[in-house]
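Following: one structure in structure tokens, then a few remarks.
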Amino acid sequence: MAIEVLLVEDSPGDVRLTQEAFRDANDSIHLHVASDGVEAMAFLKHEGTHVHAPRPDIILLDLNLPKMDGREVLAHIKADDSLKRIPTVVLTTSDAEADIVKCYELHANCYLKKPVQLDEFELLVKSINDFWLTKVELPPQTRGA
Amino acid sequence: MFPKGNNTNSARSPPTAAVRDLSMPNAAEKHLAPKKGRRRLMEEALRESQEQYRMLLDGIEDYAIFMMDPEGRIVSWNVGAERIKGYRADEIIGHNFSCFFPPEDIERGRPQEVLRITAASGRHEEQGMRVRKDGSHFLANLTFTALRDPSGNLRGFSEFSQDLSESKEAEAKYRGLLEAAPDAMVVVNQAGEIVLLNLQAEKQFGYPRDELLGQKVTSIVPEGFAERLIADDLRSAEDALAQQIGTGIELIGRRKDGGEFPIEIMLSPLESAEGTLVTAAIRDIGVRKAAEKHLAQMEGRYRGLLEAAPDAMVVVNQAGEIALLNLQAEKQFGYRRDELLGQKVTNIIPEGFAERLIADDLRSAEDALAQQIGTGIELIGRRKDGGEFPIEIMLSPLESAEGTLVTAAIRDITTRRAAAADLLQKVEELKRSNEELGQFAYIASHDLQEPLRMVASYTQLLSRRYKGKLDSDADEFIAFAVDGASRMQRLIRDLLAYSRVGTKGSDLLDISSEDALRQALLNLRGAIEESGALVTHDPLPTVSADETQLIQLFQNLVGNAIKYQGPGVPKVHIAAARSSEKKWTFSVQDNGLGIDPQYFEKIFGVFQRLHKREEFAGTGIGLAICKKIVEQHGGNISVESQPGHGSTFRFALAESERKS
């Protein structure tokens with residue numbers, strides 16, 4: 001069964017690295033990419049070109065995004081009854097205490113800092129796969145209206 | 001005024017009979033009146049005359065007047081006699097006048113003697129003690145007259161007496177008053193002669209009383225007194241005097257020994273039988289003069305001080321009016337002195353000063369003032385031209401005869417204000433520029449990290465996927481790119497750590513330095529195990545420090561000690577010794593390579609390295625961070641070392657406030 005992952009990330013370099021890392025970790029993953037907050041919300045609400053977008057099993061969310069930043073996206077997701085059960089993992093370069101606190105206040109499911117080294121990044125993606133996509137029991141797919 | 005030797009009669013009804021008894025056997029009257037009708041006329045005229053005398057004597061109250069027969073028995077009695085001696089006429093008539101004498105006089109026959117003397121001389125005057133009906137004694141002035149008929153036969157006596165105690169008492173009182181006066185009192189007549197003086201006058205001028213009486217007053221007050229008593233063409237003596245009355249005149253007094261002393265004279269007129277006398281109250285004002293002179297000197301000094309003061313000084317009364325000011329005040333506010341004296345202080349300090357002098361319901365003026373004393377208040381001063389400038393006022397109370405005044409020292413603080421504002425601005429600028437610099441270092445290193453992560457990640461990916469698949473040159477180039485990127489990552493990471501020490505500041509708490517060291521060693525576990533280093537430490541104290549920074553400090557120093565190892569097994573020892581009252585000096589000693597003393601300063605700089613990269617990895621920022629951390633804690637870090645003999649790094653930290 002395919003696993004749907006929504007990566008909200010504006011840096012193409014990071015997108016590609018993440019794709020590479022997931023490909024190595026688990027080849028049954030469908031990685032969807034939204035390059036800003038607005039697009040991410042459109043994807044989640046099946047709007048515009050995303051009418052047929054699948055409901056993701058997990059969202060990987062960067063914080064610093066154009067148009068609508070990651071904190072706002074997080075707030076929208078967790079305030080939306082049809083979306084709030086989707087595990088949302090914050091994946092960012094920021095290790096500012098204020099960001100960490102803010103994200104958990106907005107009910108982020110976890111907060112991860114992007115490692116500087118490639119090996120460590122690959123290791124992190126692998127552990128996301130092992131934990132969130134393998135070990136964790138997720139609620140049954142309840143397609144939004 | 002009073003009839004002496006002739007036939008005087010007086011009395012009320014009973015004495016009238018007695019008088020008749022005296023006059024009836026008057027043979028001369030009978031012989032001188034041959035005709036019955038004429039005689040009757042004469043008798044009537046006589047009776048009328050007798051009646052007039054009787055009424056006259058009867059009405060006199062101030063003198064006792066009565067008549068006696070030749071043996072001294074009382075035959076008439078007037079109102080004055082009743083008042084002075086205390087007997088009514090009906091009580092005393094017929095009694096002998098000897099009852100008026102004190103018992104001892106009676107015993108030695110004085111009453112009879114008085115009559116005998118009077119009979120012999122016709123008239124006798126004396127002063128003597130007499131006794132009233134109630135037994136009290138009084139001093140009397142008495143005149144006795146023998147009454148004889150025309151043929152010379154003794155018919156009786158009259159006594160005319162006055163109670164002297166009445167006038168004596170009054171005089172004694174006045175004399176007492178005079179002598180008790182604290183000032184010298186001298187009474188002078190219009191001729192300038194002393195007619196009366198008191199004890200104080202004797203003392204003050206050093207003369208016995210009798211030497212001064214009758215002397216010219218100029219002998220004790222040479223000038224200025226006698227002249228005042230003399231009338232001139234323009235005014236009478238009374239007028240001349242009137243001008244002086246009641247005002248103290250300051251003159252010079254001269255003692256008998258010639259010594260002079262300052263006096264103050266108060267004159268007052270004294271009407272007397274000899275004309276207008278002048279009473280002079282004379283006070284020795286030597287002490288007061290000396291005090292005044294001293295005061296004047298002091299005032300001169302204070303005035304000098306006041307004028308020399310660098311601040312404007314203004315003295316203000318409770319009504320908020322300027323009572324005194326100095327030259328600086330004139331200059332500062334642009335007014336002449338006379339334009340400000342008596343004016344409201346609000347003219348020069350519109351707000352905040354006068355209000356402070358005013359009492360309200362809750363506090364007295366003194367309290368209101370007391371709250372302000374000694375504290376500098378910053379207000380606005382206004383010059384005559386309307387220009388305003390900032391001032392600082394210091395208030396202090398000044399007790400005076402007019403009540404509590406307030407001295408205000410006023411300083412123009414325009415320059416100070418400007419300097420302070422300038423300084424504040426500079427400090428702000430510096431702070432901002434410092435913050436910006438810190439922020440810049442942080443943001444720059446943080447933002448540099450992002451693209452660098454891409455470079456590093458993709459060169460690593462390249463290396464991993466294509467190593468051995470391209471030619472050997474490609475492999476080498478990729479290897480250099482990977483190495484460069486990762487070195488740059490370390491540099492940036494360290495720079496970030498360095499700038500963080502400065503921007504985050506220190507959160508000083510009481511922490512166990514031993515715990516901090518333990519954590520540092522835990523972080524260094526890998527390096528320690530790899531090198532086989534032996535790390536030991538003494539018991540370490542509780543200090544006031546930022547825990548994260550202290551851990552990093554130990555970590556960097558111990559890390560360095562292991563890294564720059566010598567030939568043998570690396571040994572590191574950490575100790576702490578009390579260096580002063582509240583300081584602990586820590587030492588981190590190793591047996592490593594040691595450092596040439598010429599580099600002692602250099603090693604604490606940012607990105608300073610003593611070794612080639614090939615020999616030792618590192619960015620050269622570790623000790624710079626150590627230095628910054630120690631300085632953040634208010635201490636300093638130093639090193640002792642010799643190449644080949646290891647190094648000892650020392651730094652001091654403040655002891656914990658709490659004893660552990």
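Below, chains carry the letters A, B, ... as their sequence lines are ordered, and counting in each starts from 1. Worth saying up front: this structure is predicted, and the values here are computed from it rather than measured.
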(Q) Atom OH of residue position A:Y104 - does it have more than 12 heavy atoms of other residues, nucleotides or ligands inside 6.0 Å? (A) yes
(Q) Between B:L461 and chain A, with a heavy-atom cut-off of 4.5 Å, which part of the residue counts as in contact: side chain, backbone, both or neither? (A) both
Q: Working to the nearest 0.5 Å, report the span between CD of B:E450 and OG of A:S11.
A: 7.0 Å
(Q) Sub-4.5 Å heavy-atom contacts with chain A: which residues of residues 463-477 of chain B show up? (A) B:R464, B:R465
Q.
Atom NZ of residue position A:K78 - does it have more than 12 heavy atoms of other residues, nucleotides or ligands inside 6.0 Å?
A. yes
Q: Tell me the residues of residues 13-24 of chain A whose non-hydrogen atoms fall below 4.5 Å from those of chain B, in number order.
A: A:G13, A:D14, A:R16, A:L17, A:E20
Q | Those residues that, when tested against B:K602, pass side-chain hydrogen bond (donor to acceptor under 3.5 Å, both in side chains) (two or more places apart) | A | none
Q. Side chain to side chain contact (heavy atoms under 4.5 Å, CB included) between B:Q449 and A:T93: does it pass, once the steps are laid out?
A. CA-CA 9 Å; B:Q449 238 178 9; A:T93 53; over 6 Å; no
Q) Within residues 114-130 of chain A, which positions have a heavy-atom distance to chain B below 4.5 Å? A) A:K114, A:P115, A:V116, A:Q117, A:L118, A:D119, A:E122
Q: Look at atom CD of B:E530 and say whether more than 12 heavy atoms of other residues, nucleotides or ligands are closer to it than 6.0 Å.
A: no
(Q) Taking atom NZ as the centre, does A:K67 end up with more than 12 heavy-atom neighbours from other residues, nucleotides or ligands that are less than 6.0 angstrom away? (A) no
Q: Can you tell which part of B:Q460 gets under 4.5 Å to a heavy atom of chain A, answering side chain, backbone, both or neither?
A: both
